[in-house]
Amino acid sequence: MRMRLSRISIGARVFTVIALAAPILAYNRSRGALVALGLLCLVWLATSVAERRSDLAPYTPLIEAAAVGAIAGASIDITTGFLLALALPPFIAAIRLGPRGCILAVCAELATVVLTTFIAIGPKPDDSQVLSIFSWTMAGLGFGLVGSVIHAGLERERAGLAPYLDAQHLIKQLLDLSDDLSSGLDVATLSGTVLSAVGDTVPTTASGLYLPRGEVLIPLAAQTLDRTDQSGLSLAEELAVTALTRGETVIDAGGFAFKVGDAAVFAGILPLRSTFGSQDLERLVGRIRRDLRTQIVQLDTALLFADFRDSASADVRKRLAREMHDGVAQDIASLGYLVDVLAARPADEKQAQQFAMLRGRITSIVAEVRQSVLTLRTSIGEAESLGTAIGAVARHLSESSQIPIHVTLDEHATRLRPEVEAELFRIAQEAMNNAIKHAQCNSIDVHCRVHAPEALITVTDDGRGLQKGRSDSHGLKIMRERARLVGAEISIGDRPEGGLAVAVEISHQDNR
């Protein structure tokens, strides 16, 4: 916005300089006229530079108006041509400051032009000079009103862009600060650091760092000595819920839990033969909080950044879905109606077949676009769980493709981290889409097992199996990239009984 205002201002000044210089250089080459022209050029050069500085920009229109008025009044005895310059400052002040800036600029230049005119030629200027001052001042007021209209339009545009401009400013600040973020903004890494630091102080058989999301807790990191027995993690989660509900540190014979930073909750289960008493644990928790002060600030910052990233990506998906539905899908559907009209009266049988083939292709494209819109609109954050979200998209895909998709869910109440759920959901969605588009299958089976912090999702079909990759197909590569982002293992291969199997697993170790 500032760049656009600067371009308008500079363009107006250049045009005015040309309008003033042409008659002076052609007919009046007096030394005084050339000096006045040079001073005007210096004033406008200085104000063009000052406008680029945020601390000076609000004052430059009024300073410019006063300086231009002074030069025009001081040179009025040489030529009244410089009074033309009086039309410019109110216009520039108006596009930058609005109607108020226009009025102030007119007053400033009128005061200085009258004052310098009296100094230059005495208290009684002739009638033609007075008339010229009045005329060009009124012209400046008129141009100022035009500038006020431009200002209002730019302000409306700026109001719509204000959130993005503010976000742009803040993101730039974050990028400038990124070099100082020695630990980065990865939630999983920072959560693991907190978990390890607590474990170094108090030995635990199971521990977890949890983030409340609505009515459930999402494990940011968890660890247990016995991977075959998840009961310890269940007890840790119960302690975390208690600490969160009470809003205070919870210590009992089996373990302890306390709030970490502004959002997260840590819970740990003590060994059966632990010798720690309640007072010992209270002292240790206080010590842990002091020792982890830096890590807690880092974790809070990472969680805020993750929330911002998730919110922004969800908004982008919804906007793209709206644009595709209201634009591309409607335009293609309109082409289908046009083909129907032409197909009603074909020239011959061959043309009728061509129209039928074209109509079928258009119908297929519309279905794919609508399926893409569904994909963009579906968000894991809007579902009750990962399995619920997968089940919902499977139902829609099955209805649109007429291919049965059987979904089996095995979920615990505890949720995975939001970014993990989002990537696993997209992998499952891509696997189902690929099976529908390319496998030529009769049915698809989806199994979703989520025992946070572990999860396993498999998508199998009875189609033709893994085919030779096409240059325009990136589905498998995208799935592998998504798995890598959250530390999951993905396998894609043919089934012995025929068809393709896609399995993505995130283990306990991956969530540490």
Side-chain angles (χ1 to χ4, degrees), residues 2 5-97 101-144 146-147:
R2 184 184 299 175
L5 289 174
S6 296
R7 288 174 180 173
I8 295 174
S9 302
I10 292 173
R13 288 169 185 143
V14 170
F15 178 82
T16 306
V17 167
I18 294 173
L20 290 172
I24 289 174
L25 295 177
Y27 304 108
N28 185 356
R29 298 184 180 180
S30 65
R31 181 178 178 181
L34 294 174
V35 170
L37 181 62
L39 288 174
L40 275 176
C41 291
L42 288 176
V43 167
W44 283 330
L45 178 62
T47 51
S48 297
V49 173
E51 285 170 346
R52 296 178 178 272
R53 293 183 52 178
S54 57
D55 56 333
L56 298 177
Y59 309 105
T60 52
L62 301 184
I63 296 173
E64 177 183 11
V68 169
I71 295 172
S75 60
I76 195 171
D77 197 34
I78 302 172
T79 176
T80 58
F82 283 105
L83 295 175
L84 165 66
L86 297 178
L88 183 62
F91 172 75
I92 293 177
I95 64 173
R96 289 188 169 276
L97 305 176
C102 169
I103 298 300
L104 291 175
V106 169
C107 292
E109 68 180 12
L110 186 59
T112 55
V113 73
V114 170
L115 178 62
T116 52
T117 296
F118 284 167
I119 294 174
I121 62 176
K124 293 184 178 181
D126 59 45
D127 293 342
S128 63
Q129 292 171 334
V130 173
L131 182 60
S132 296
I133 292 174
F134 175 79
S135 298
W136 285 113
T137 302
M138 289 299 100
L141 182 60
F143 281 115
V146 175

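Here the structure is a predicted model, which is why all the values come from computation and not from measurement.
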Mind listing the closest non-hydrogen atom pair of [X] and [Y] along with its distance?
X	Y	value
P90	L86	CD-O, 3.3 Å
I78	G32	CD1-CA, 3.7 Å
A93	A105	CB-CB, 3.6 Å
F143	F91	O-CD1, 3.3 Å
L34	L25	CD2-CD2, 3.9 Å

side-chain contact (heavy atoms from CB on, under 4.5 Å) against [X], all qualifying residues, sequence neighbours excluded:
X	result
A46	none
F118	V114, P125
L141	C102, I103, V106, M138
A111	none

Which atom pairs, one a donor and one an acceptor, fall under 3.5 Å between side chains of residues 62-77 and the rest of the protein, sequence neighbours left out?
residue: E64; atom: OE1; partner: R13; partner atom: NH2; Å: 3.0
residue: E64; atom: OE2; partner: R13; partner atom: NE; Å: 3.1
residue: E64; atom: OE2; partner: W44; partner atom: NE1; Å: 2.8
residue: S75; atom: OG; partner: I71; partner atom: O; Å: 2.8
residue: S75; atom: OG; partner: A72; partner atom: O; Å: 3.4

Atom [atom1] of [X] and atom [atom2] of [Y]: how far apart are they, to the nearest 0.5 Å?
X	Y	atom1	atom2	answer
I92	L97	CD1	CG	11.0 Å
I24	T79	CD1	OG1	6.0 Å
L40	L20	CG	CG	6.5 Å

(request) Just grab all the side chain to side chain donor-acceptor pair (under 3.5 Å) pairs involving residues 131-143, residues at least two apart or on different chains. (result)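 Every candidate side chain to side chain donor-acceptor pair (under 3.5 Å) pair involving residues 131-143 fails, so no pair, neighbours aside, qualifies.
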
(message) Can you confirm whether L110 sits close enough to I133 that some side-chain heavy atom of one is under 4.5 Å from a side-chain heavy atom of the other?
(response)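 Yes, side chains in contact.
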
(request) Could you check if a side-chain atom of V113 sits within less than 4.5 angstrom of a side-chain atom of F82, using non-hydrogen atoms only? (result)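 No, too far: nothing below the 4.5 Å cut-off.
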
(request) Kindly write out the residues that satisfy side-chain hydrogen bond (donor to acceptor under 3.5 Å, both in side chains) with D127, not counting sequence neighbours, or none if the list is empty. (result)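 D127: no side-chain hydrogen bond (donor to acceptor under 3.5 Å, both in side chains) contacts found.
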
(request) Using the salt bridge (charged side-chain N to carboxylate O under 4.0 Å, His left out) rule, collect all pairs that involve residues 130-142, keeping only residues at least two apart or in two chains. (result)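 Sorted result for residues 130-142: empty, none.
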
(message) The test is side chain to side chain contact (heavy atoms under 4.5 Å, CB included); show your working for T80 and S128 and say whether it passes.
(response) CA-CA 9 Å; T80 58; S128 63; 5.9 Å; no

